[in-house]
Enquirer: 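Would you mind keeping the following structure in view while I ask a few things?
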Amino acid sequence: DVTHTQTTCLQCSVGCTLDVVTRYSRLLRVDGVWDSDPNGGLLCVEGRFKPLYDNRKRIAKPMVRKDGKLVESSWDEALDLVAEKLSAGDVLGVASTATSNEALKAFGKLFKKLDAKAGRLEPAAPKLGYGSPATIGDVLDADFIVIAGADPLNYQPVIGYFIKRQLDNDVPVAVIGETDNELSERAMMSVGYDEANKVAEEAAKYTKPVVVYSVGLQSKAMAGLESLADKALFLALEPGRNVKGASAAGLLPLDEMSSADVVYYLMAEQPVDEALVSKLNGAFTIAQAAYHSPLVEQADVVLPTPIWSERAGHVTNLEGKVFPLHSVLDLPEGVRDDAEVLAALAAKLK
């Protein structure tokens, strides 16, 4: 007597298909879906178990700071105050990619209407300027794999598992980077960035080489791998959960957090570190988030958002494929969809 709902994992940028099992509005289990795109049913620990045991404290209702303390408020009161502040001062929008394409698009539209700067927290994998893009499935078809400036077992585990599967099938792997990762000990070659050309020379001997790279890739290694442009396929491992969706919404990485009178954070489920909080600098702060955090505790207005099991919409994975997000559970009373909230805010602006 259970319900099965398929949705897309938002723990990293791979975009694995999930089968979420519920009973009477309670989460029971998360499984993979056999032969699903892009993960073929394989899930990592983060995708299968972490969502079920997230014990962070939820934000249940909007909150407004009064007399130095955050107190619960109505949606109308909170949104009216946010609209007033956004209309009156120098504004900066800061988005996490841990949300849907629809929310990121609505965030971009809001700040375009304000003619204000907005961007995202997460960087993107560098653009090589050469080569053809690989799919995740190409990793399982490769006869030589290069890992350059990336640590897939830690940041995109399913990709790491696929590479380990290929290692078990005696496919050679080479690692390029200044520090070892968990796959280095099994690699046939492990070199620094300035020796990337040696890896390229070896990879060129094979028929179907695939280069897997991420934000750690340095320019000298990019130059060293360019000789593979016409032979290898290149798979960029985006570090953020929905970097492609944010880019499509016009939200590029914020290299520096410029000062502003009002800062609006779209955080969704993204954990918040102290470094981000240290950049508040006395600005009027709006936090649209699912969980309490140091950022939320210092915010002037807090707007609750759905979590993964309540979210509907779409997400774009690291290959650029768009996958659906289906709500598994109903939204709690007092929580509204983040895209809907951002659209309502935009409507309030004169």
Side-chain angles (χ1 to χ4, degrees), residues 54-99 103-104 106-121 251 254 256-307 310-311 331-350:
D54 196 330
N55 57 9
R56 289 178 290 171
K57 184 180 177 183
R58 281 292 301 272
I59 299 168
K61 293 183 178 180
M63 294 184 287
V64 172
R65 188 169 298 279
K66 296 179 180 179
D67 299 324
K69 295 183 179 180
L70 281 174
V71 295
E72 289 186 358
S73 75
S74 68
W75 273 103
D76 286 341
E77 179 187 12
L79 293 181
D80 285 345
L81 178 56
V82 171
E84 175 189 337
K85 293 294 182 179
L86 291 178
S87 301
D90 181 29
V91 181
L92 173 66
V94 182
S96 158
T97 62
T99 187
L104 293 166
F107 193 76
K109 280 187 173 181
L110 173 66
F111 282 85
K112 186 176 182 179
K113 185 171 185 177
L114 290 164
D115 194 23
K117 182 178 181 181
R120 66 172 190 264
L121 289 170
L251 299 171
L254 289 168
E256 294 185 3
M257 299 280 287
S258 58
S259 60
D261 299 326
V262 181
V263 183
Y264 192 127
Y265 290 92
L266 175 63
M267 297 305 295
E269 296 177 74
Q270 181 71 25
V272 177
D273 58 29
E274 293 294 339
L276 184 63
V277 178
S278 69
K279 298 175 182 177
L280 294 180
N281 295 325
F284 186 91
T285 302
I286 302 143
Q288 193 171 357
Y291 295 104
H292 284 265
S293 70
L295 173 65
V296 166
E297 299 309 321
Q298 294 195 37
D300 296 286
V301 179
V302 179
L303 306 174
T305 74
I307 62 172
E310 302 152 2
R311 191 178 302 285
L331 281 171
E333 185 179 355
V335 177
R336 291 169 60 180
D337 177 74
D338 32 14
E340 175 198 330
V341 170
L342 290 161
L345 269 175
K348 287 179 177 287
L349 299 175
K350 297 180 180 178

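We use all heavy atoms of the structure for the numbers below, so side chains are in, but hydrogens, waters and symmetry mates are not. Position 1 is the first residue of the sequence, and the numbers go up from there.
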Enquirer: State, to 0.1 Å, how close V272 and P294 come at their nearest heavy-atom pair, and which atoms those are.
Expert: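 In this case the closest contact between V272 and P294 is O-CD, 4.5 Å.
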Enquirer: How far apart are the C-alpha atoms of T97 and L251, what are their side-chain angles, what is the distance that settles it, and do they pass the side chain to side chain contact (heavy atoms under 4.5 Å, CB included) test?
Expert: CA-CA 9 Å; T97 62; L251 299 171; over 6 Å; no
Enquirer: Give me the atom names and distance for the closest heavy-atom approach of V335 to A60.
Expert: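 Shortest heavy-atom separation between V335 and A60 comes out as CG2-O, 3.8 Å.
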Enquirer: Under the rule for ring-ring contact (aromatic ring centres under 6.0 Å, His included), what residues qualify as partners of F107, not counting sequence neighbours?
Expert: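 Applying ring-ring contact (aromatic ring centres under 6.0 Å, His included) to F107 gives F111, Y264.
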Enquirer: Looking only at heavy atoms, what is the nearest atom pair of L349 and K113, with distance?
Expert: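 L349 and K113 have their closest heavy atoms at O-NZ, 3.7 Å.
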Enquirer: Write down the atom of A299, the atom of A287, and the distance for their closest heavy-atom approach.
Expert: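 That closest heavy-atom pairing would be CB-CB, 4.0 Å.
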Enquirer: Going by side-chain contact (heavy atoms from CB on, under 4.5 Å), M267 matches just one of T305, V296, L276. Which one?
Expert: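 Per the side-chain contact (heavy atoms from CB on, under 4.5 Å) rule, the option paired with M267 is L276, out of T305, V296, L276.
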Enquirer: Compare every heavy atom of I59 with every heavy atom of A289, then report the nearest pair and how far apart it is.
Expert: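 Heavy atoms only, the tightest pair is O-CD1, 3.6 Å.
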Enquirer: With a cut-off of 6.0 Å (strictly less than), are more than 12 heavy atoms of other residues, nucleotides or ligands near NZ of K112?
Expert: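 No, because the 6.0 Å sphere around NZ of K112 holds 12 heavy atoms or fewer from other groups.
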Enquirer: Taking side-chain hydrogen bond (donor to acceptor under 3.5 Å, both in side chains) as the test, write out the residues that go with T99, two or more places apart.
Expert: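 So T99 forms a side-chain hydrogen bond (donor to acceptor under 3.5 Å, both in side chains) with R311, D338.
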Enquirer: For R56 and A290, indicate whether the former's side chain and the latter's backbone hold a donor-acceptor pair under 3.5 Å.
Expert: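 Flag not set: sc R56 to bb A290 has no pair under 3.5 Å.
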Enquirer: Please tell me if the side chains of D54 and Y291 come closer than 4.5 Å, counting only heavy atoms from C-beta onward.
Expert: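 Yes, close enough: below the 4.5 Å cut-off.
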Enquirer: What's the verdict on side chain to side chain contact (heavy atoms under 4.5 Å, CB included) for L254 and K117, showing C-alpha distance, side-chain angles and the deciding distance?
Expert: CA-CA 10 Å; L254 289 168; K117 182 178 181 181; 3.5 Å; yes
Enquirer: Nearest 0.5 Å, what's the CG-CG distance between L114 and L110?
Expert: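 Rounded to the nearest 0.5 Å, the CG-CG separation comes to 5.0 Å.
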Enquirer: Using 0.5 Å steps for rounding, measure from the OG atom of S74 to the CG atom of D80.
Expert: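 One gets 8.0 Å once the value is rounded to the nearest 0.5 Å.
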Enquirer: Quick one: side chains of residues 86-96, donor-acceptor pairs under 3.5 Å with protein atoms, not counting sequence neighbours, listed by atom name and distance.
Expert:
unit_1 : atom_1 : unit_2 : atom_2 : d
S87    : OG     : A83    : O      : 2.8
S96    : OG     : A98    : N      : 3.1
S96    : OG     : Q270   : OE1    : 3.4

Enquirer: What pairs with E340 under salt bridge (Lys or Arg N to Asp or Glu O under 4.0 Å), at least two apart in sequence or on another chain?
Expert: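 E340: salt bridge (Lys or Arg N to Asp or Glu O under 4.0 Å) contacts with R336.
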Enquirer: E77: which residues meet the side-chain hydrogen bond (donor to acceptor under 3.5 Å, both in side chains) condition with it, sequence neighbours left out?
Expert: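 So E77 forms a side-chain hydrogen bond (donor to acceptor under 3.5 Å, both in side chains) with K66.
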Enquirer: So how far is it from L81 CG to R65 CZ, rounded to the nearest 0.5 Å?
Expert: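 It comes to 12.0 Å.
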Enquirer: Taking side-chain hydrogen bond (donor to acceptor under 3.5 Å, both in side chains) as the definition, give me every residue that meets it alongside D273, ordered by chain and number, with sequence neighbours left out.
Expert: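 side-chain hydrogen bond (donor to acceptor under 3.5 Å, both in side chains) check on D273 returns nothing, list empty.
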Enquirer: The test is side chain to side chain contact (heavy atoms under 4.5 Å, CB included); show your working for L79 and L303 and say whether it passes.
Expert: CA-CA 9 Å; L79 293 181; L303 306 174; 4.2 Å; yes
Enquirer: Is the shortest side-chain heavy-atom distance between N281 and V263 below 4.5 Å?
Expert: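 In short, these two side chains do not touch, never coming nearer than 4.5 Å.
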Enquirer: Give me the atom names and distance for the closest heavy-atom approach of S73 to V64.
Expert: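 Nearest heavy atoms, S73 then V64: OG-CG2, 3.5 Å.
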Enquirer: Are Q288 and L342 close enough that some pair of their side-chain heavy atoms sits under 4.5 Å apart?
Expert: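 With C-beta onward as the side chain, the pair touches.
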Enquirer: If you define the side chain from C-beta out and look only at heavy atoms, does anything of V82 sit under 4.5 Å from V262?
Expert: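 Heavy-atom side-chain distance check fails, nothing below 4.5 Å.
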